[in-house]
Protein chains: 4
Amino acid sequence: MIRVGIVGASGYTGAELVRLLVNHPAVEITLATSRQYADKPLSQVFPHLAGRCGVVCQNLPVEEYAAMADLFFTAVPHQTAMALVPKLLAAGRKVVDLSADFRIHDAAVYEAWYQPHTAAELLATAVYGLPELHRAAIKAAKLVANPGCYPTSVILGLAPLLTAGLIDSETLVVDSKSGTSGAGRGAAVGTLYCEVTDGFRAYKVAEHRHTPEIEQELSKLAGKPVVISFTPHLVPMSRGILSTVYAKATKAVSQPELDTLYQEFYRNESFVRVLPPGALPATQYVRGSNYCDLAARFDQRTGRVIVLSAIDNLVKGAAGQAVQNMNLICGLPEGQGLDVVPFFP
Amino acid sequence: MIRVGIVGASGYTGAELVRLLVNHPAVEITLATSRQYADKPLSQVFPHLAGRCGVVCQNLPVEEYAAMADLFFTAVPHQTAMALVPKLLAAGRKVVDLSADFRIHDAAVYEAWYQPHTAAELLATAVYGLPELHRAAIKAAKLVANPGCYPTSVILGLAPLLTAGLIDSETLVVDSKSGTSGAGRGAAVGTLYCEVTDGFRAYKVAEHRHTPEIEQELSKLAGKPVVISFTPHLVPMSRGILSTVYAKATKAVSQPELDTLYQEFYRNESFVRVLPPGALPATQYVRGSNYCDLAARFDQRTGRVIVLSAIDNLVKGAAGQAVQNMNLICGLPEGQGLDVVPFFP
Amino acid sequence: MIRVGIVGASGYTGAELVRLLVNHPAVEITLATSRQYADKPLSQVFPHLAGRCGVVCQNLPVEEYAAMADLFFTAVPHQTAMALVPKLLAAGRKVVDLSADFRIHDAAVYEAWYQPHTAAELLATAVYGLPELHRAAIKAAKLVANPGCYPTSVILGLAPLLTAGLIDSETLVVDSKSGTSGAGRGAAVGTLYCEVTDGFRAYKVAEHRHTPEIEQELSKLAGKPVVISFTPHLVPMSRGILSTVYAKATKAVSQPELDTLYQEFYRNESFVRVLPPGALPATQYVRGSNYCDLAARFDQRTGRVIVLSAIDNLVKGAAGQAVQNMNLICGLPEGQGLDVVPFFP
Amino acid sequence: MIRVGIVGASGYTGAELVRLLVNHPAVEITLATSRQYADKPLSQVFPHLAGRCGVVCQNLPVEEYAAMADLFFTAVPHQTAMALVPKLLAAGRKVVDLSADFRIHDAAVYEAWYQPHTAAELLATAVYGLPELHRAAIKAAKLVANPGCYPTSVILGLAPLLTAGLIDSETLVVDSKSGTSGAGRGAAVGTLYCEVTDGFRAYKVAEHRHTPEIEQELSKLAGKPVVISFTPHLVPMSRGILSTVYAKATKAVSQPELDTLYQEFYRNESFVRVLPPGALPATQYVRGSNYCDLAARFDQRTGRVIVLSAIDNLVKGAAGQAVQNMNLICGLPEGQGLDVVPFFP
């Protein structure tokens, strides 16, 4: 049994890691940390876990818990992660970091969007944990930077088009919509039930921090620098991200060609479902699962390709992908513990 | 592998059966029937099942499909079930019937609340499928009448009190609240999103058909006829039932005594979680799982006991309990395929 | 024009008072206080009010603002109100207090459920502001204690029955359900969108502070002490309260008799809608309005009467009733400014 | 009093017209037609209207009801409207048509997106009823084509930019999101509560019929043909549309210049609220009102302008705008009956 520790277990991502890991046959949760809920059973913080997880939250310094697990999920805010991760690695542990701290390869770009980086020396070895694109590197990694939720949906959606050179990357517009769990479990007026329900809004227009992360990965795929317009929106739902992406096609393409391109690109991927012709993704069909559902349309009138990509932000956009990465770096079957069927209705 | 057939697969209960069964290690779905969606893959009717279930819906007479499975879940409306079930039994099949047709032992009572019964001869052998109360009988049964969703929550909530003789059954008031999936997947104005959201209402006040079913089981537990007031309500949510039950205590009882009574009664039950002192059930903590969460309070001011009982209406209130019953009548471990962790948030 | 001040304007009740008052032809809002949002325009705290209300929030001691209005709505927590209200009255102002501080006539009862009362001398002159029952006294009052949201729904629902002596008050069970706005606008994990949506729960079972308030008013109506079981629940919706009330009838009564009793009792009330035979209240049909919708059923099987009562907790349960009270104590037409049609869907 | 008739009163738009008109001081509803609910009081079809509207639904041929009102709102599906409207005009009535039948000036374009037009001769005299852009023409009209909900949000959002020539219309991407009431009140599986809640999806990608309507009006503003990519999405909420619009700026523009452009353009408009710098529209802040809330951002990184536009689809996107148009063609104050404050939370 692999011993795993969850650093920052009292957020929604922490709870989701527990949901997936307690049914994982090869791992055992040996640590859950939380400052706010120290000494409380995790099943008291999250009553849905009662009877399924006996772990008690601990508030320990990293030095004390580094020996308590073989692999750590660091589900803490950016800037907090960069203080912990180097110590865990130094102690010989493997780390799947769910913060933004090790996603951006270029420290200068990171610092332009976030704040100074105190562990920039690790950026060269951290692997961007999108298995569908970087599987081999992940398998060999000690530190995996688990992708952001929005980036996961966008990058998987665009990879076939950019790889094939089918779209003009200068025309990329990314309009994404997320459920409210993405805002975390902190007490805040803006995410109260009454503020969110029966309403819809954009936020951080042209300034969301997932922008450089998306651009970095799209640039790799395109083989040249890609700059995008990215607008996130808040949907009155708990979970799910749908990204709608627009770009001018570099040449006219038939709808069947587009369908084939996607089917071929993801032929061997068990967590990407390219939808049958005519169908469109919906977040309610991936809820609770590690799937990314995709469809692409060619609009002859405008010469644009429109890509629709749906994930569960807490699963493929966070905890599920983290488990997928853990499986890879631990030499386990990639899908182990992730066979959860989407939860509908 | 046990071959199972789902008769009436295109409702929410059918989909939920599939969600649970595709991860069940000992069974294989060999049939799904649907009149409305004949010849459509089930994964087209329910896109969340894509990649997880290759079954195609069929519209066949019972005579033709009776040989296609060893055990049938009949997830059809009452009155439809009584026409199918006798034929399946005659063909030597086992049946877990999710309709109301075989839940009421007394045909006269059934006919007073429903309509004439055409298979009343089976009522004597049908077993009321609440495993926590009737496990032995279920194991020996050919036909299990899977309990209604409201009755499951109420009967499990009251069993300890009635068995202990702690409440005056003439004072029983049952106030239940259900999510909208309980109304089914039929197109209807009353369950449109805009009609249900941001609203709350009672329905079928003092005339809901689950009343005699609840009374039958409570009467067995009390050892004498029990008559209740039962009011169901519609909650703007997809899943979940919370029942709030009131009764005069026959004697003063301390809260710790009450807690112990419940803990003891359900000590060996893996799907009933008696909450720790001070905690109260919430439907969001059982969502997607086969759990029934319970708490009881003694109110000294009024001399009443108040019981709170929460289930997921589609799981412990329907498909999950049906799988639990299947496991029992097929000699499988009772919880097999039912280790789904509640889905929160 | 009557000058009105809103003390505690940055909660949901404060915003609702503004929504109603800006269209009221006889009043003008001259003050809005808020500690948290001092010096911010109210339309920045509540962007929906942009263009409709130019008031800027002020953080002033009561001594400084007492002269700034003729009538004050004190929409502050209990205990805060008892410190302000005596000073406003001493300054010759009229007060509609939306806290609990002046609702309970008996200081000992208040102190048993809340905390010590520092202005108990005012309890004798404060009038319980339920216009349908205490209209004359309200008209003559200087201080109106605006009823709680749950009590409004329950008392209006039971008044005809208790007045007619038709129910046994010892058998009263009150099961109430409220939208989330009732929990206020304070940042708290428990009322985050993700914690509330797709879930349902009871809270403060047998210990909610509205219990003595309800009992006080029901006792007046019954002419003898009434003790009730009261359970509040949290519904995943913004607004609305539905109360389901059960009591044994003292004699058999026909459904038409019951309908007539209610129709007669509320014949002259413009804000109580007794529903036509067969119809049941739903909170979505009173949303945004000052209506209380009522229906009563006699259940012959159990001998119980079941009453259903629906209000919008922020309107008839708070701000709307406060405006109704203001109209009465200021000699204005009772319904002025309250002709808002319910908002559906 | 102007007598108004509502043809097709039993949909959500019909109900919303009634909500607004019963408080309108200059009109009286003299007719409501409905095939489905013939002879039913409208307050039975829509219980929230109880006590506010005594009209009974009638199922009459247009010939019989044409004399029953001075002005008609035709809230019927496209194709149905084109059969009724000519007869109402021939009878000397004024018409505000809420269908799509008279919005497209070019019959060929209409027929390419809809079906053959049987009253194309009226297209030349029908006025596109967006008062902020076509006020003078509306005042003189007999037939006003009330704009679609999506087009209202998009056209108001882009008018300042296109008029000023600030954006390259070939780069226009329109990503819109709508509440579920836009899908109407017909019984359908796709809009059931359980299908819509906690989910988000796009629909009719690159083929929604509002596309040519938007393009027509944008082309007028740009002074040349405009072709757009338009993607509508379904949000789990009842009401509201948010449109997010992207276009390349023709030159660099400062954010204050952009703010001023919008403030100036809509300086005299009482139903358009250009938000203060830094604020972003949210549908919950316009809910129930006739407002359109707007913000525009210039993104220096990409050279794009991003416009956010929020309306209530049933008010400014349908019934409210229809009343505004009625006021104009009847010589009433433009905002009469429309002073409803947004409904939040």
Side-chain angles (χ1 to χ4, degrees), chain A residues 11-12 15-16 18-24 41 43-44 46-53 179-182 184-185 193-194 197-198 236-239 269-276 278-289 291 293 295 310 312 314-315 339-345, chain B residues 11-12 15-16 18-24 41 43-44 46-53 179-182 184-185 193-194 197-198 236-239 269-276 278-289 291 293 295 310 312 314-315 339-345:
Chain A
Y12 290 134
E16 195 66 356
V18 174
R19 180 174 77 96
L20 296 169
L21 292 172
V22 296
N23 279 342
H24 194 296
S43 66
Q44 198 172 322
F46 289 112
H48 69 290
L49 297 176
R52 301 307 288 274
C53 178
T180 309
S181 61
R185 210 191 186 200
Y193 182 86
C194 289
T197 190
D198 213 37
M237 62 183 182
S238 284
R239 297 180 178 229
E269 294 299 334
S270 54
F271 292 121
V272 178
R273 299 191 295 195
V274 177
L275 299 194
L280 288 171
T283 64
Q284 53 268 64
Y285 299 146
V286 297
R287 206 163 49 138
S289 81
Y291 290 120
D293 278 7
D312 182 322
L314 292 182
V315 190
D339 59 350
V340 186
V341 180
F343 180 74
F344 176 86
Chain B
Y12 291 134
E16 195 66 355
V18 174
R19 179 174 76 97
L20 296 169
L21 293 171
V22 296
N23 279 341
H24 194 297
S43 65
Q44 197 172 322
F46 290 112
H48 69 292
L49 297 175
R52 301 306 288 272
C53 178
T180 309
S181 61
R185 209 191 188 201
Y193 182 86
C194 289
T197 191
D198 212 36
M237 61 183 183
S238 285
R239 294 178 180 230
E269 294 300 334
S270 53
F271 292 122
V272 178
R273 299 190 298 195
V274 177
L275 300 194
L280 289 171
T283 63
Q284 53 268 64
Y285 300 145
V286 298
R287 204 161 51 136
S289 80
Y291 290 120
D293 278 6
D312 182 323
L314 292 182
V315 190
D339 59 351
V340 186
V341 180
F343 181 73
F344 175 86

#### Entry: Under-4.0 Å salt bridge between A:Asp293 and A:Arg273
yes

### Summary
Looking only at B:Ala50, B:Gly51, B:Pro281, the option with the highest number of non-hydrogen pairs under 4.5 Å against chain A is B:Ala50

### Task
Can you see which heavy atom on B:Val286 is nearest to which on B:Asp312, and at what distance?
CG2-N, 3.6 Å

### Region of A:Leu49 that comes under 4.5 Å of a non-hydrogen atom in chain B
both

### Query
Does any N or O in the side chain of A:Arg239 come within less than 3.5 Å of the main-chain N or O of A:Val315, such that one atom is a donor and the other an acceptor?
no

### Query
Considering only heavy atoms from C-beta outward, does the side chain of A:Val18 approach that of A:Arg52 to under 4.5 Å?
no

### Query
How far does CZ of B:Arg287 sit from CG of B:Leu314, to the nearest 0.5 angstrom?
11.5 Å

### Task
Go through the atoms of A:Asp198 and report whether side chain, backbone, both or neither lie under 4.5 Å from a heavy atom of chain B.
neither

### Task
Pick whichever of B:Tyr12, B:Phe344, B:Phe343 has the most heavy-atom pairs under 4.5 Å with chain A.
B:Phe343

### Summary
Checked A:Val341, A:Val22, A:Thr180, A:Thr197 vs chain B; the most non-hydrogen pairs under 4.5 Å come from A:Val341

### Message
So which residue, A:Glu16, A:His48, A:Gln44, ends up with the most heavy-atom pairs under 4.5 Å with chain B?
### Response
A:His48

